[in-house]
Amino acid sequence: MTGKIVICRCEDVTLHELDEAVAAGHRDLESVKRFTGFGTGFCQGKQCVALCARLLAERGGEVPEAPITPRPPLHPIEIGRLARLLEDEPEKTR
Amino acid sequence: MPARRLPRSDDLPTVTLRVDGEDVSAIEGEPVAMSLLAAGRLVLARSVKYHRARGAACFAGRCDGCLMRVDGRPSVRTCRTAAREGMMVETQNVLGSAELDLLAATDWFFPGGMNHHEMFTWAKPVNQVMQVVARHVAGIGTLPDAPAGATDVEDVSADVLVVGAGAAGLEAARACAARGLRTLVVDEEPEPGGWLRASLPRLGPPSARMLADALVTQAREAGAEIRTRHAVVGIFDEASGERIALVDGPRRLLRVRARAWMLAQGRTEGAAAFEGSDLPGVIGAEAAARLLAHGILPGEEIVIAGDLEPRGEELEALAAALRDAGAEVYGPVDLALVERADGRNAVGSVTLRDAGRARKQRCEILVVAPRTSAAYELAGQAGARIRWQNGVFEVVPRDPGSRSRVWVVGGAAGADSIDSARAQAERAAAELADTLAAHDAAQGGPAR
């Protein structure tokens, strides 16, 4: 234990880093995501986004209108399997 | 005492896993992360930057805690992997072992965390050296032993794709199929039934499980097809104007072209911020319920802390179920009282602060149950609006008269009971059928 408070476990983002983001002038969820990298790891924010939004609002940040944009893949998948979709449509890949 | 299996009447076949060179006994088909917990292995992985100890926290494929190398494939979610005879399970990304990882030194070097914007940027050569170091220290796993095997791609067309086979999804599927719509249901879990399969819902076992079986039978009898272990990877608008869902199944990828979408993926538990909240042994309430449903008691001494409004009743039920299974349970207590969780590799105690007084409570498992958010990701991708409400994210209800072909039902749409989820699903199915029928009438006959 080193006194860290981890707010995004996939990317090891700490509360200290969120405070640094706020101190650097970031007030909205998207900017803080880009600054700290929360929500960009293996779970793509399923665990941490609501928590980070609450912590930001508590520190005078904006109350979010929406979460960070959910993008595919919503479920981790091997890229080799995705590539198989291209083999299926050879004329489109050339 | 650590986790243990509860006595059970049925005699399930066992298999042997090979875990970091040791044999571990498991029940065939159960999630590997659960087999490991039952065998006393709480620490399964190390975190990406600081190599902090990690254990499964959600047992639902929604966290980073159980990633291991399985049969030569890296970063496999072992909570979503069915135990099979001879399966090779290895710790990844450690120098030493999951329990003692020398790379954890990074955790001590950077007590506040790493600020990538300024760190080691003062001289270019230093920056270049540190990039090389960082690439060795950070990351999760190394390349697979062999390329991914052949994957079949199956094109499926349906009137309705139902995502999620819990109470709402199954009821919606039955109601859609009963109206003559070609209905496909996909669900990530090995069995349909969603939360009815775990022991947490208000109905309680075994009647909840019987209800799940009944809903599955009714949906199938009405003509719906149900595919389990199928997870939606994304939803895409094609140039042709069609909308396609890419679905990851055990042997093949599905490209599903559907005319309408019924999303019933329930809710996500999320995390809380306190020192030690990421320690192995800190798990969600839904995770605890899942473990009990698989006949595993996660520990003998358990503290439950949660947002008692609105989850108090549910957490009381969980506490009762864990006590019935033989655990000593403290709580549920208000999550705001949790000051920190202590332990080197796994939680050993929790410090609670009430009216200025701190008190240490010993525990092997700390159940953390914050307010839940709607599982909104797919709905958001499909065009539904998501809003912030009472400190969590919720899906904005569909406007009556909307031309959208997306419906969200059940827990994801705020239903707070099995009955209300089913009623909501029935209404949505009727609306969906009317919408498609109106479209067909306008086109002068049924569309493809």
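No hydrogens, no waters, no symmetry mates; every other heavy atom, side chains included, goes into these values. In this text the structure is predicted, and so the values were computed from the model without any measurement.
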Flag the one option from B:Leu253, B:Thr268, B:Ile235 with the top tally of heavy-atom pairs under 4.5 Å to chain A.
B:Leu253

Check whether any side-chain heavy atom of B:Asp187 lies under 4.5 Å from a side-chain heavy atom of B:His230, and answer yes or no.
no

Rounded to the nearest 0.5 Å, what separates atom CG in B:Leu279 from atom CG in B:Leu366?
9.0 Å

With only heavy atoms counted, which part of B:Val232 is less than 4.5 Å from chain A, the side chain, the backbone, both or neither?
backbone

Most chain A-contacting option - heavy-atom pairs closer than 4.5 Å, from B:Gly234, B:Ser277, B:Ala271, B:Ser373
B:Ala271

Spacing of A:Phe42 atom CZ and B:Ser47 atom OG [to the nearest 0.5 Å]
14.5 Å

Does any heavy atom of chain B fall under 4.5 Å from the side chain of A:Leu29, the backbone, both, or neither of them?
side chain

If one checks every heavy atom of B:Ala272 against chain A at 4.5 Å, the contacting part turns out to be backbone

Atom group of A:Glu78 that falls short of 4.5 Å from chain B, counting heavy atoms:
side chain

Identify which of A:Val49, A:Ile79, A:Thr69 forms the greatest number of heavy-atom pairs closer than 4.5 Å to chain B.
A:Val49

Examine whether an atom of B:Tyr50 lies under 4.5 Å from a heavy atom of chain A, and if so say whether it belongs to the side chain, the backbone or both; otherwise answer neither.
both

How long is the gap from CG on A:Asp19 to CD1 on A:Ile5, to the nearest 0.5 Å?
9.0 Å

Verdict with supporting geometry, B:Ser240 and B:Glu238, side-chain hydrogen bond (donor to acceptor under 3.5 Å, both in side chains)
CA-CA 5 Å; B:Ser240 60; B:Glu238 298 286 275; 5.6 Å; no

Can you tell me if B:Asp248 and A:His75 form a side-chain donor-acceptor pair at under 3.5 Å?
yes

Distance in Å, B:Leu378 CG paired with A:Leu74 CG, rounded so as to fall on 0.5 Å steps
5.5 Å

Does any heavy atom of chain A fall under 4.5 Å from the side chain of B:Pro144, the backbone, both, or neither of them?
neither

Counting heavy-atom pairs under 4.5 Å with chain A, the top scorer among B:Leu67, B:Leu246, B:Asp152 is B:Leu67

One should read off an interatomic distance between B:Arg80 CZ and B:Arg62 CZ, to the nearest 0.5 angstrom, of 7.5 Å

For chain B, the option from A:Cys10, A:Cys52, A:Gly41 that forms the most heavy-atom pairs under 4.5 Å:
A:Cys10

Among A:Pro76, A:Ala24, A:Cys48, single out the residue with the greatest number of heavy-atom pairs under 4.5 Å to chain B.
A:Pro76

Could you tell me which portion of B:Arg73 (side chain, backbone, both or neither) has an atom closer than 4.5 angstrom to a non-hydrogen atom of chain A?
side chain

Of all of A:Glu65, A:Gln47, A:His16, which one pairs up most often with chain B through heavy atoms under 4.5 Å apart?
A:Gln47

Pick one of side chain, backbone, both or neither for A:Leu15, based on which atoms fall under 4.5 Å of a heavy atom in chain B.
neither

Once rounded to the nearest 0.5 Å, what's the spacing between atom CH2 of B:Trp261 and atom CD of B:Gln381?
10.5 Å

Strictly below 4.0 Å, N to O, side chains only: are A:Lys33 and A:Glu11 in salt-bridge contact?
no

